[in-house]
Amino acid sequence: MLPVVRKEIPLKAHAHQANDFFTALRIAREFDVNITLEHVTEGHLVAEELAKEHVMLAVGPSLGHATKFALRNKTWTTPGILAAHGCHVSIITDSPVIPQKYLPICAGLAVKAGMDPFEALKAITINAAEHIGVGDRVGSLEAGKDADIVITDGNPFEIETTVLAVFIDGRQVFCQEA
């Protein structure tokens, strides 16, 4: 807990239900620590209030069934509603709960449920990087950052889209055969 108290890392509050969000936020204020909220299943129910908190929110995993009571309000609309209210939203798979390779599908399903496509892209790139404290190194294409790039023939959130090329650290590591 010392790194949290020293504000070297944030307190990561595992919270699915709205009442848990606000309990965690109250505790963070009381002990003067930085906080992020993880899972945020019921975020869509209290989006306006969460927007006022200016805290990073990780939504997910949303793929799969509501396997416990705390997930009864799980919906693909949550990340879009939060983003529309100005919240800093990441979409997560909670790997290995849902394998990480399904992250673009999760973002695509959030778009299908109403999330702005650019906000969905940010939710799995720069917002996610900022959420875990590495946004100064990865998550966006900027001079001085590590750049891994995927080039596709269409919308990366659509299942019909094909990956044409992948570049990691400036080197092409994959190229679709013509």
Side-chain angles (χ1 to χ4, degrees), residues 10 12-18 20-21 36-47 50 55-85 87-135 137-141 145-169 171-177:
K12 297 216 167 265
H14 176 111
H16 289 282
Q17 296 180 288
D20 295 329
F21 309 156
T36 64
L37 297 179
E38 315 299 318
H39 303 302
V40 196
T41 305
E42 292 185 355
H44 61 286
L45 301 176
V46 290
L50 286 174
V55 15
M56 295 186 196
L57 310 170
V59 178
S62 300
L63 195 61
H65 299 291
T67 56
K68 55 187 174 182
F69 181 78
L71 302 177
R72 73 187 182 286
N73 290 312
K74 182 165 69 166
T75 174
W76 288 108
T77 62
T78 302
I81 290 170
L82 290 167
H85 278 83
C87 295
H88 187 285
V89 178
S90 300
I91 296 173
I92 63 169
T93 64
D94 206 21
S95 183
V97 174
I98 304 297
Q100 190 173 352
K101 67 183 179 182
Y102 297 118
L103 185 60
I105 292 171
C106 293
L109 289 167
V111 169
K112 184 178 179 186
M115 187 173 199
D116 176 79
F118 186 63
E119 290 298 321
L121 181 62
K122 287 174 23 184
I124 62 171
T125 56
I126 188 62
N127 287 2
E130 290 172 347
H131 188 98
I132 63 169
V134 295
R137 291 189 1 250
V138 298
S140 62
L141 297 176
K145 284 190 172 185
D146 297 343
D148 297 343
I149 302 169
V150 176
I151 299 173
T152 66
D153 67 355
N155 184 334
F157 302 137
E158 300 203 6
I159 203 151
E160 301 88 14
T161 298
T162 301
V163 173
L164 301 175
V166 177
F167 296 83
I168 297 178
D169 292 330
R171 288 192 214 127
Q172 189 170 7
V173 298
F174 173 78
C175 181
Q176 176 73 19
E177 297 296 321

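Values in this document were obtained by computation on a predicted structure and should not be read as measured data.
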Identify all side-chain donor-acceptor contacts of residues 96-123 below 3.5 Å with residues at least two apart in sequence or on another chain.
unit_1, atom_1, unit_2, atom_2, d
D116, OD2, F118, N, 3.0
D116, OD2, E119, N, 3.1
E119, OE2, K122, NZ, 3.2

Pairs of donor and acceptor atoms involving the side chains of residues 56-63, under 3.5 Å and at least two apart or interchain, shall be tabulated with distances.
none

F21 and L45: side chain to side chain contact (heavy atoms under 4.5 Å, CB included), yes or no, with the steps? CA-CA 11 Å; F21 309 156; L45 301 176; over 6 Å; no

Would F167 and I151 satisfy side chain to side chain contact (heavy atoms under 4.5 Å, CB included), going step by step from the backbone distance to the final call? CA-CA 9 Å; F167 296 83; I151 299 173; 3.7 Å; yes

Start with the C-alpha distance between Q17 and R72, add both sets of side-chain angles, then the distance that settles side chain to side chain contact (heavy atoms under 4.5 Å, CB included), and finish with yes or no. CA-CA 9 Å; Q17 296 180 288; R72 73 187 182 286; 2.9 Å; yes

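Considering OG1 of T125 and CD1 of I91, their distance stands at 10.0 Å, rounded to 0.5 Å. Taking CD from E38 and CG from D94, the interatomic distance works out to 9.0 Å, rounded to the nearest 0.5 Å. The CG atom of D153 sits 10.5 Å away from the CD atom of E158 when rounded to the nearest 0.5 Å. Note that the NE2 atom of H131 and the CG atom of L37 stand 8.0 Å from one another [nearest 0.5 Å]. To the nearest 0.5 Å, atom OG1 of residue T41 and atom NE2 of residue H16 are 4.5 Å apart. To the nearest 0.5 Å, atoms CZ (F157) and OG1 (T152) are separated by 10.0 Å.
The two atoms that bring V163 and V166 nearest to each other are CG1-CG2, 3.7 Å, heavy atoms only. Taking both residues in full, the closest heavy atoms of A47 and C87 are given as O-SG, 4.1 Å, listed atom of the first, atom of the second, then distance. The two residues I126 and S140 come nearest to each other via the heavy atoms CD1-OG, 3.8 Å. K12 approaches T36 most closely through the heavy-atom pair NZ-OG1, 3.3 Å.
Side-chain contact, T77 with T75: a donor N or O sits under 3.5 Å from an acceptor N or O.
Judged purely by atom type and a 3.5 angstrom limit, E42 uses its side chain to pair as donor or acceptor with the backbone of A18. One N or O on the side chain of K74 and one on the backbone of H65 form a donor-acceptor pair closer than 3.5 Å. No side-chain donor-acceptor contact under 3.5 Å links D169 to the backbone of D148. Panel note: side chain N127, backbone S90; no donor-acceptor pair is recorded below 3.5 Å.
Checked against the 6.0 Å centroid criterion, the rings of H14 and H39 qualify as a close aromatic pair.
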